[in-house]
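Structure record follows, encoded as structure tokens.
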Amino acid sequence: MQEHHIENVLFDAEQIGRRVSELVDDMAHQYQSQNLVMIAILRGSFMFFADLVREVNRHGVHPRIDFTTLSSYGSGTESSGKVTIGRDATVDVAGADVILIDDILDTGRTLSFASTHFLSRGAHSVHSCVLLDKPSRRVVPITADYVGFEVDDVFVVGYGLDFDSYYRELPYIAEVTFTGEAIT
Ligand code: 5GP
Ligand code: MG
């Protein structure tokens, strides 16, 4: 693992909480669907998703909920470029209005793969909600329907996001500053 430190908090717990609740308000017209399915793209979105669906419940909405594990990253901080499915969602999405929840929209490969995947499984519509968006990093031209915060091209951790499986438990989102040489 590379030597690094975490000092710069970009979004604290309170800011995140407020934004999550705004996003859920913004998604209100999606709740008209009689067949709503919310799917978290794990693992980075687990905390965001848990907060989001509890807010959705406050709107009196009862979506079906499932999870899929997709990865495009190895253990480092650079995308490998190829998206692989670890675990697919098992819920039947045929005819459903799917909202995909992801942590970060970076190159766009993951979200674009996931949208295509659920449409090909017969979803009636696929929308997307991401906590963070790094527009400057886009390789595949895709935008999310709902975005929590835009961030510059920095590597962030916390609130579900990891660096080598560490820091997911942080209740805030912070920037990782890399210093010196690789230490492993
Ligand atoms: P994409 O397929 O859009 O390039 O990659 C999206 C995925 O890459 C995200 O779901 C996330 O798991 C990972 N990712 C992209 N940027 C960051 C970052 O700054 N920090 C962390 N921890 N993961 C990131
Ligand atoms: Mg992810």
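All ligand and atom numbering here is 1-based and tracks the order in the structure. We number each residue from 1, following the sequence as shown. Hydrogens, waters and symmetry mates are skipped; everything else that's a heavy atom, side chains included, is used.
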- request: Scan for side-chain hydrogen bond (donor to acceptor under 3.5 Å, both in side chains) pairs involving residues 151-161, sequence neighbours excluded, and state none if there are none.
  value: D51-Y159
field: N-O pairing of D92 and R121 below 4.0 Å
entry: no
field: Residue-ligand contact V156/ligand 1, heavy atom below 4.0 Å
entry: yes
Donor-acceptor pair, side chain of Q15 and main chain of D12, under 3.5 angstrom: yes
field: Nearest candidate to atom 4 (O) of ligand 1, where distance is taken over non-hydrogen atoms, out of D162, T107, T110, V151
entry: T107
Element-labelled atoms of ligand 1 that are located less than 4.0 Å from some non-hydrogen atom of V154: 19 (O)
field: Common cluster, V140/F118, ILVMFWY with side-chain heavy-atom separation under 4.5 Å
entry: no
- line: Note: ligand 1 atoms sitting under 4.0 Å from heavy atoms of S72 are 2 (O), 5 (O)
message: Taking L170 as the starting point, is it possible to reach V9 by hopping between hydrophobic residues whose side chains are less than 4.5 Å apart?
response: yes
query: With only distance considered, is L111 within less than 3.5 Å of ligand 1 through an N or O on each side?
result: no
query: Would you say the side-chain atoms of D66 pair up with the backbone N or O of T90, donor to acceptor, closer than 3.5 Å?
result: yes
query: Near D102, which atoms of ligand 1 are under 4.0 Å from a heavy atom of that residue?
result: 10 (O)
- prompt: So, does H59 use its side chain to make a donor-acceptor pair with the main chain of N57 at under 3.5 Å?
  reply: no
task: May I ask whether I41 places a heavy atom under 4.0 Å from ligand 1?
output: no
query: What atoms of ligand 1 come within less than 4.0 Å of a heavy atom belonging to L161?
result: 21 (C), 22 (N), 23 (N)
query: Does any non-hydrogen side-chain atom of L132 lie less than 4.5 Å from one of L105?
result: no
field: ligand 1 contact by K134, heavy-atom criterion under 4.0 angstrom
entry: yes
message: Under 4.0 Å, counting heavy atoms only: does F163 come that close to any atom of ligand 1?
response: no
query: Polar-atom distance check: G108 versus ligand 1, any N or O pair below 3.5 Å?
result: yes
